[in-house]
Each structure stands twice: as structure tokens, then as C-alpha cells.
Amino acid sequence: MKAPVRVAVTGAAGQISYSLLFRIASGDMLGKDQPVILQLLEITPALEALKGVAMELDDCAFPLLAGIVQTDDPKVAFKDAQYALLVGARPRGPGMERKDLLEANAAIFSVQGKAINEVASRDIKVLVVGNPANTNALIAQRNAPDINPRQFTAMTRLDHNRAMAQLAGKVGKTVNDVKKMLIWGNHSSTQYPDLHHATVDGKAAIDLVDQSWYEGTYIPEVQQRGAAIIKARGASSAASAASAAVDHMRSWALGTAEGDWVSMGIYSDGSYGIQEGLIYSFPCTCKNGDWEIVQGLEINEFSRARMQATEQELAEERDAVQHLLP
Ligand SMILES: NC(=O)C1=CN([C@@H]2O[C@H](COP(=O)(O)OP(=O)(O)OC[C@H]3O[C@@H](n4cnc5c(N)ncnc54)[C@H](O)[C@@H]3O)[C@@H](O)[C@H]2O)C=CC1
Ligand SMILES: O=C([O-])CC(=O)C(=O)O
């Protein structure tokens with residue numbers, strides 16, 4: 001049996017965590033041979049609810065669950081953590097854009113970035129889920145100067161998974177047939193789901209659909225899927241968000257499949273002309289616990305304009321939180 005790893009999860013008594021924690025503890029995220037110690041962070045008033053969640057985790061008798069820490073202190077939650085899933089943040093309601101949450105949520109990520117910098121394992125892998133995820137990831141990263149910026153990522157895997165499911169449905173195939181899906185940019189309504197590199201059953205996806213459906217239906221539906229779930233469910237995506245978080249961390253830790261890639265919000269190194277330092281979603285392959293941006297994709301004018309629009313939004317979000325970026 002491997003030695004247990006420490007996995008910090010914030011917002012641990014919330015909706016997403018109610019699905020996420022059970023998936024992590026069952027081995028879906030890091031493998032069926034990897035024991036985990038869950039280090040759960042909540043705000044003080046939610047500690048009682050967190051206790052209930054921890055009781056249920058105990059009641060599952062998961063063979064891989066080697067311990068549970070419950071705390072309202074970030075320095076306890078992140079202590080020696082090798083993985084951190086930053087979920088704890090306010091969700092949006094109907095009629096809001098995710099960036100409307102910046103004011104309510106941004107401060108959380110500067111506190112947590114500082115705590116990670118101080119006490120976490122130096123090889124920690126951080127995934128920010130709480131919205132607006134890319135800019136919150138940027139805030140956490142900039143507040144953790146002793147950790148390599150590559151170790152802070154934001155979740156666009158839910159968008160990636162949604163884009164695969166919508167495409168598969170349209171062409172009468174399953175997600176297993178879809179490869180090289182790609183979300184560029186921000187986890188927001190400016191994100192750009194790019195079908196120019198995707199394949200379905202080995203055929204170019206862009207040739208299987210017409211341009212008017214791609215532009216007029218597909219792109220807006222993927223961009224607005226989060227809002228559509230809020231409208232239908234009365235609350236934002238939870239189980240699907242948890243599943244995407246599990247997918248993101250599993251790909252990063254255990255690698256991506258040969259001949260395929262995943263979308264991850266990562267620290268831009270200037271690839272594809274995207275401003276360095278923004279947390280922007282790129283196509284990534286993962287190996288040996290590290291990610292790499294897929295290089296050399298041909299970008300047409302249609303794509304370039306959309307990649308720049310979402311980049312512009314991220315630059316504006318960054319400028320709005322300057323006071324939290326040391
Ligand atoms: N990136 C993505 O694809 C997605 C992101 N989200 C975002 O994830 C976040 C969480 O969503 P839900 O679980 O549905 O919300 P929720 O409101 O059910 O749970 C959030 C939890 O975070 C806790 N919390 C608040 N401040 C905290 C702090 N400083 N430290 C630790 N815990 C704290 C709250 O007490 C609450 O229990 C929201 O911001 C939501 O918009 C949701 C779906 C997808
Ligand atoms: O839409 C929201 O506010 C929640 C979210 O990020 C998503 O479902 O993609």
C-alpha cells in the first residue's frame with residue numbers, strides 16, 4: 001500500500017463537496033491504490049454541518065480514507081497538503097455573471113494563497129473551482145510567491161466535458177468517440193469552445209457540423225450551460241462540477257491519454273500570444289505529474305478573435321483585483 005497523501009478541500013460542507021469528497025475518498029481521483037487524508041476547511045458557522053459530512057465519510061468505510069481533518073483555519077487545512085481543491089466560495093444566482101462574484105470571493109483566495117505559501121507541501125497541486133475561477137486562481141498564485149506558478153490551476157474541465165457531450169449528442173456518437181476537445185480562456189460566458197482540432201471517430205469535428213450550428217447554437221450553449229443549470233435546478237452545477245474536478249486532478253496527477261489532451265486553466269507563458277501570467281485555459285497534455293501546453297495548433301481568424309475576447313476579459317478581471325495581487 002502507498003503512503004497516504006494529504007488532500008485539502010475548502011468549502012467542504014457545500015454542495016460541490018458533498019459529491020466531491022466521496023469521489024476522492026473512493027479513489028476516483030488519485031487511483032484505487034492511493035490512500036488519502038482529507039483536510040477539510042470551512043467557515044466557523046459551517047463546522048457543525050462539516051461534522052455531519054465527516055460522519056458520513058466515516059460511514060462509507062472507504063478503504064482508502066486514511067484520516068479526516070476538520071478545521072476553520074487555513075493553516076491547518078493546507079498543512080503539508082500535496083493537493084488542494086479550492087471550492088469554498090459563494091455561488092452565483094440567476095441573472096449574475098461569474099465575475100459579479102469577484103468582490104465577494106476574491107479575498108478568500110488571497111488568504112488561502114498566503115496559507116498555502118506558508119504551510120503546504122512544496123509540490124502542491126492546486127485546483128481553483130470557486131468562481132470566478134481563473135481570477136481567483138491568479139489571486140491565490142500571486143499570494144504564494146514561494147510556489148511555482150505552474151502549480152496553480154483553474155477549472156475549465158466542466159466546460160470541456162459539456163462541450164464533448166453536446167458535440168457527441170449532435171452527431172449521434174458518444175463522448176468516447178470525441179478527442180481533442182478544447183476550451184480556450186476564461187471559465188465564463190466568453191470562453192471559446194474550439195472545434196477546429198477536435199475529432200469524432202477520427203473525423204474532423206468541424207466538417208461534421210455546419211458553421212451556423214457551431215456559431216449560433218453550440219458555442220453559446222456551451223458558454224451558457226452553467227446559467228441553464230442554475231435556471232433548471234435553482235442552484236449551480238454541483239455533481240458535474242465535482243466530477244470535472246476529479247477529472248482535472250486525475251489527468252494532472254496520473255496523465256492524459258496518448259493522442260488526446262484536456263483543457264486546463266493554467267499560468268500563461270505567452271503561448272498563442274496570450275499575455276503572460278494570466279490564468280487562461282489551454283490544451284494540455286499531462287505526464288509525470290506535470291502539464292505541458294499543446295503547441296503548434298493552427299489558429300484561424302475566427303478562433304483568434306474569440307481567444308482574444310476571452311483574454312481581454314481576464315485582463316480586466318485581473319485589473320479589478322490589483323489590490324489583492326502583491
Ligand atoms: N469552475 C467551475 O466549473 C465551477 C465553479 N463553481 C463554483 O464553486 C463554488 C462553490 O459552489 P457550491 O459548492 O455549489 O457552493 P455552496 O455555497 O454550496 O458551498 C460553498 C461552501 O464554501 C464555504 N466557504 C465560504 N467561504 C469559505 C472560506 N473562506 N473558506 C472555506 N470555506 C468557505 C461555505 O460555507 C459553503 O459551505 C461557487 O463559487 C461556484 O460558483 C460551481 C460550478 C462549476
Ligand atoms: O455557472 C455557474 O455559476 C457555476 C459554474 O461555474 C458552472 O456551472 O459552470
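Order of appearance sets the numbers: ligands from 1, and atoms from 1 within every ligand. Quantities reported herein were computed from a predicted structural model and do not represent experimental measurements.
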Worksheet item: Excluding sequence neighbours, so at least two apart, what forms side-chain hydrogen bond (donor to acceptor under 3.5 Å, both in side chains) with Asp201?
Response: Lys173

Worksheet item: Which ligand 1 atoms does Arg90 reach within 4.0 Å, using its non-hydrogen atoms?
Response: 38 (C), 39 (O)

Worksheet item: Arg98: what forms a salt bridge (Lys or Arg N to Asp or Glu O under 4.0 Å) with it, not counting sequence neighbours?
Response: none

Worksheet item: Would Trp184 and Tyr272 count as a close aromatic pair, with their ring centres under 6.0 Å?
Response: yes

Discussion item. Using a 4.0 Å heavy-atom cut-off, which part of Ala241 comes near ligand 1: side chain, backbone, both, or neither?
Written reply: side chain

Worksheet item: Going by the atom numbers of ligand 1, which of them fall below 4.0 Å from some non-hydrogen atom of Ala89?
Response: 9 (C), 10 (C), 20 (C), 22 (O), 38 (C), 39 (O)

Practice prompt. Give a yes or no on this: more than 12 heavy atoms of other residues, nucleotides or ligands lie within 6.0 Å of atom CZ of Phe22.
Written response: yes

Worksheet, complete the sentence: min-distance protein heavy atom vs atom 6 (O) of ligand 2 -> His187 NE2, 2.6 Å

Fill in: Leu158 and ligand 1 - part of the residue with a heavy-atom distance under 4.0 Å
side chain

Worksheet item: Any heavy atom of Ala13 sitting closer than 4.0 Å to ligand 1?
Response: yes

Worksheet item: Is Arg98 in polar range of ligand 2, meaning some N or O pair under 3.5 Å apart?
Response: yes

Fill in: Check: Gln312/Glu316 side-chain N/O donor and acceptor closer than 3.5 Å
yes

Response to the item:
Under 4.0 Å between heavy atoms, the region of Ile229 that gets near ligand 2 turns out to be neither

Worksheet entry | Contact check, Gln112 vs ligand 1, heavy-atom distance below 4.0 Å | yes

Practice prompt. For residues His196 and Tyr214, establish whether the separation of their ring centroids is below 6.0 Å.
Written response: yes

Worksheet item: To the nearest 0.1 Å, how far is atom 34 (C) of ligand 1 from its closest protein heavy atom, and which atom is that?
Response: Glu42 OE1, 3.5 Å

Response to the item:
min-distance protein heavy atom vs atom 40 (C) of ligand 1 -> Asn131 ND2, 3.6 Å

Worksheet item: Given that the side chain starts at C-beta and the backbone is N, CA, C, O, which of these parts of Gln15 lies under 4.0 Å from ligand 1, counting heavy atoms, or is it both or neither?
Response: both

Worksheet entry | Part of Ile108 within contact of ligand 1 (heavy atoms, under 4.0 Å) | side chain

Worksheet entry | Crowding at CD, Glu298 (>12 non-hydrogen neighbours, <6.0 Å) | no

Worksheet item: Relative to the heavy atoms of Arg92, which atoms of ligand 2 are at a distance of less than 4.0 Å?
Response: 1 (O), 2 (C), 3 (O)

Worksheet entry | Proximal atoms of ligand 1 relative to His187 (non-hydrogen, under 4.0 Å) | 1 (N), 2 (C), 3 (O), 4 (C)

